[in-house]
Amino acid sequence: MTAPTTETELGALWRQVLRVPAVAPGDNFFELGGDSFRAAQLAGLVGTRLGVPVTSALAFDRPELAGQARWIDDARAAGLPAAAGPATGGGAPLSTQQEDFLYWMFESEPVRDIGSCATAIRIRDAFDVAVLTRALEAVIARHEPLRSVVTASGEVIVADELPPEVSEAVAEGRTPQERERDAERIVWHERMRLDDVLRGPLVRALVVHLGEDDHVLVLAVHHFAFDGFSLGVMLRELGIVYSALRTGYPSPLRPLPMSYADYCAFTREQWPRNQAYWDLVLEGAPRELTPFPGRRETTLFSRRRHAFEIDAELAGRLGESARARGATTFMAVAACWTWLLRQWTGMTDLVVMSPVPGRTAPEHETLIGCLVQSLILRLDASGDPSYGELVDRVRKVSVGAVAHQFHAYQDARLRVPFPSRIHYESFGAPHFPGLMSEAFPFPREQEGLDWSANPGEVDLSAPELIVEEQRDGSMLAAVVYNHYGYDPATAAELAEAFQEYVRAAVAGPDSPLPPLPATARHAGAEANQG
């Protein structure tokens, strides 16, 4: 029997990561749906299954299957050491993001609240709240982080049981339109509710009834125990368990292939291996973006957003411009945002933080918890680069950061406490599996969530950019800012300038990016002259 070739073995890994039925030697990883997240997963599998240590640069530098296979064969011939597999058994019960949250929560008095991750789903189907409650209880029992409570002294305790809070409400109105508006009002108030991680529960659900087979489910989980990727895992498991319980069968979910504690232990083992990389990246890095025109001095922080949309045609062209340079759409977005920050502040050494799911192996994708890793991207905007040149710089920095993504973020945050942030999301619209359902509008920000700066300090945060890919190819975006420190007009100007840069980028990728649009009142050069 002929032994499988490297190309055949690698093709099987491609099919697993990209979830496609077949691949060919000339196929391009990114044209089949790959991104930086899947590139990191592929790198992990190549190390553990094929025994060759690689980073996500393998996919970016050699996007075709045949080219990757040839490189792996050459690496084997050169005698590169075999990669170690993930560690299992025992270890820390907290992820690096949870450790940073814990430190941050108790930095000031009173204890800061992180807030919750939430979604709202319209269910146009028969829906049993009692069965939903049982399904939630089963998912909570399955995942340790959903039972992790922080005590007043900062200790984290995993409870044997921590039931969810489940409630119901009835939308009022004589017509369907009136009931829908009332449901939106109820959902808004539910989203504004603040949780208490010191007491729990961490999971709560509200079902708003609009009619016999018309409901809105609001699901919220405290961010200390949860991240955006976990929402998809939770909804999938809820749908499976709910369907089974409704028909009288027990939960069909199989045991988790890896515990949350094992995941935390695995990531912690990577910290010392990656420390030298982050020490080099952060050496001499600016602690904040200063000056940032439009920022007022304040000791309070509360999030607000200025929302806008990038239509499907423009978003598609931006993605194409990135792929032409072997980059992702996120890298193109980051290049435009970096240039905007350079023009706004006058700074050329810019630090941007961007979260990634932290799930570099298939077994990580079944976990619920706060697995998110915070990447610090130190970007060089010096000279007069074209859009394409800036994308190349962002690509190089991003690939390096993803390859070293497991690090002690609580240490990095102390070095750079006020980076700008980019949240790029491609999770898709939420739904309840097994039922006729769709996303229901709800506010992303909890407007009553106020945070205090550390004693003797002021808030020096910069506005952040959030971009969410939509199924129709468009992008929902927002500039999120501290409303105590910025006027809404500043956020609106930043949003307009960003869109101007996107249009300029796709129009001429090899031309220098333009200065700030004339509509912008604050320019970094003017601030420096002042």
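Note that the coordinates shown come from a computational prediction; the quantities given were computed from them, not determined experimentally.
By the 4.5 Å heavy-atom criterion applied to side chains, Pro286 and Val351 are counted as neighbours. Side chains of Leu377 and Ser398 form a contact here, defined as non-hydrogen atoms less than 4.5 Å apart. With contacts defined as side-chain heavy-atom distances shorter than 4.5 Å, the pair Ser251/Val241 qualifies. Within the 4.5 Å cutoff, the side chain of Asp128 has no heavy atoms near those of the Arg246 side chain. Looking at His143 and Met234, their side chains never come closer than 4.5 Å, going by heavy atoms from C-beta outward. Side-chain contact between Arg304 and Glu447 is present, with at least one heavy-atom pair separated by less than 4.5 Å. Considering only heavy atoms from C-beta on, Leu235 comes within 4.5 Å of Pro430 through its side chain. Two residues are said to be in side-chain contact when any heavy atoms from C-beta on lie closer than 4.5 Å; Leu42 and Trp14 meet this criterion.
The two residues Phe29 and Ala59 make their nearest non-hydrogen contact at CD2-CB, 4.0 Å. The two atoms that bring Met347 and Thr345 nearest to each other are N-OG1, 3.0 Å, heavy atoms only. Scanning all heavy atoms of the two residues, the minimum distance from Thr329 to Gly319 falls at OG1-CA, 3.5 Å. Smallest separation of non-hydrogen atoms from His423 and Pro355: ND1-CG, 3.5 Å. Smallest separation of non-hydrogen atoms from Gly33 and Leu18: C-CD2, 4.0 Å. Taking each heavy atom of Val20 and Leu32 in turn, the nearest pair found is CG1-O, 4.1 Å.
A donor-acceptor pair under 3.5 Å is formed between the side chain of Thr133 and the backbone N or O of Val129. Listed for the Arg122 side chain is no donor-acceptor partner under 3.5 Å among the backbone atoms of Glu438. In this structure, Asn274 contributes its side chain and His407 its backbone to no donor-acceptor pair below 3.5 Å. Side chain of Arg112 to backbone of Trp104: a donor-acceptor contact under 3.5 angstrom is found. Not a single donor-acceptor pair under 3.5 Å links the side chain of Arg287 to the backbone N or O of Phe418. In this structure, Arg393 contributes its side chain and Leu379 its backbone to no donor-acceptor pair below 3.5 Å. Within the 3.5 Å criterion, the main-chain N or O of Arg193 finds a donor-acceptor partner in the side chain of Gln446. A donor-acceptor pair under 3.5 Å links the side-chain atoms of Trp451 to the main chain of Asp113, judged by distance alone. A donor-acceptor contact shorter than 3.5 Å links the side chain of Ser230 to the backbone of Gly369.
Taking the six-membered ring where the residue is Trp, Phe101 and Phe224 present tilted rings, their angle falling between 30° and 60°. Ring geometry, Tyr277 versus His404: the interplanar angle falls under 30°, so the pair is classed parallel (tilted spans 30 to 60°). Taking the six-membered ring for Trp and thresholds of 30 and 60 degrees, Tyr260 and Tyr263 have nearly parallel ring planes, at less than 30 degrees apart. Between Trp344 and Phe292, the angle of the ring planes lies from 30° to 60°, which puts this pair in the tilted group. In this pair, Phe30 and Phe60 present their aromatic rings tilted. The plane angle is within the 30 to 60° band.
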Problem - Intermediate values then yes/no, side-chain hydrogen bond (donor to acceptor under 3.5 Å, both in side chains), Gln373 and Thr96 - result: CA-CA 7 Å; Gln373 300 289 314; Thr96 182; 5.4 Å; no

Exercise for the section: Test Ile240 against Glu237 for side chain to side chain contact (heavy atoms under 4.5 Å, CB included), laying out the working first. Expected result: CA-CA 5 Å; Ile240 292 172; Glu237 292 194 353; 5.7 Å; no

Exercise for the section: Determine, step by step, whether Glu363 and Asp262 satisfy the side chain to side chain contact (heavy atoms under 4.5 Å, CB included) criterion, reporting the C-alpha distance in whole Å, the side-chain angles of both residues, the deciding distance to 0.1 Å, and the verdict. Expected result: CA-CA 11 Å; Glu363 56 266 31; Asp262 285 344; over 6 Å; no

Practice task
Using the side chain to side chain contact (heavy atoms under 4.5 Å, CB included) rule, take Arg204 and Glu190 through it: C-alpha gap first, then chi angles, then the decisive distance, then the call.
Solution key: CA-CA 10 Å; Arg204 57 181 169 86; Glu190 179 67 11; 2.5 Å; yes

Exercise for the section: Check step by step if salt bridge (charged side-chain N to carboxylate O under 4.0 Å, His left out) holds for Arg444 and Glu425. Expected result: CA-CA 13 Å; Arg444 290 289 301 270; Glu425 301 176 3; 3.4 Å; yes

Handout entry: Trace of the side chain to side chain contact (heavy atoms under 4.5 Å, CB included) decision for Phe440 with Val187
Key = CA-CA 9 Å; Phe440 188 80; Val187 168; 3.9 Å; yes

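Distance check: Arg142 CZ to Leu367 CG gives 9.5 Å after rounding to the nearest 0.5 Å. Here the straight-line distance linking atom CG of Leu162 with atom OG of Ser148 works out to 9.0 Å at 0.5 Å rounding. From Asp35, atom CG reaches atom CE of Met331 across 9.5 Å, with rounding to the nearest 0.5 Å. The distance from atom CD of Glu99 to atom SG of Cys370, rounded to the nearest 0.5 Å, is 11.5 Å. Atom CD of Glu168 sits about 11.0 Å away from atom CG of Leu217, to the nearest 0.5 Å. Atom OG in Ser302 sits 4.5 Å away from atom CG in Asp450 (nearest 0.5 Å).
Using modelled atom types and a 3.5 Å distance limit, the side chains of Asp459 and Thr298 yield no donor-acceptor pair. Between Ser116 and Arg191, the side chains place a donor N or O and an acceptor N or O closer than 3.5 Å (distance only, hydrogens not considered). Judged purely by distance below 3.5 Å, without hydrogens or angles, the side chains of Arg273 and Gln270 pair a donor atom with an acceptor atom. Looking only at atom types and distance, the side chain of Thr366 has no donor-acceptor partner in the side chain of Arg236 under 3.5 Å away.
Of the options Thr290, Asn482, Thr490, a side chain to side chain donor-acceptor pair (under 3.5 Å) to Arg295 is made by Thr290 and by none of the others.
Between Arg378 and Glu283, none of the side-chain N atoms (NZ, or NE/NH1/NH2) sits under 4.0 Å from a carboxylate O, so this pair counts as no salt bridge. Salt bridge absent: Arg134 and Glu137 never bring a charged side-chain N and a carboxylate O closer than 4.0 Å. A salt bridge links Glu365 and Arg19; the closest N-O separation between the charged side-chain nitrogens and carboxylate oxygens is under 4.0 Å.
Around the OH atom of Tyr103, the shell of radius 6.0 Å holds no more than 12 heavy atoms that belong to other residues, nucleotides or ligands.
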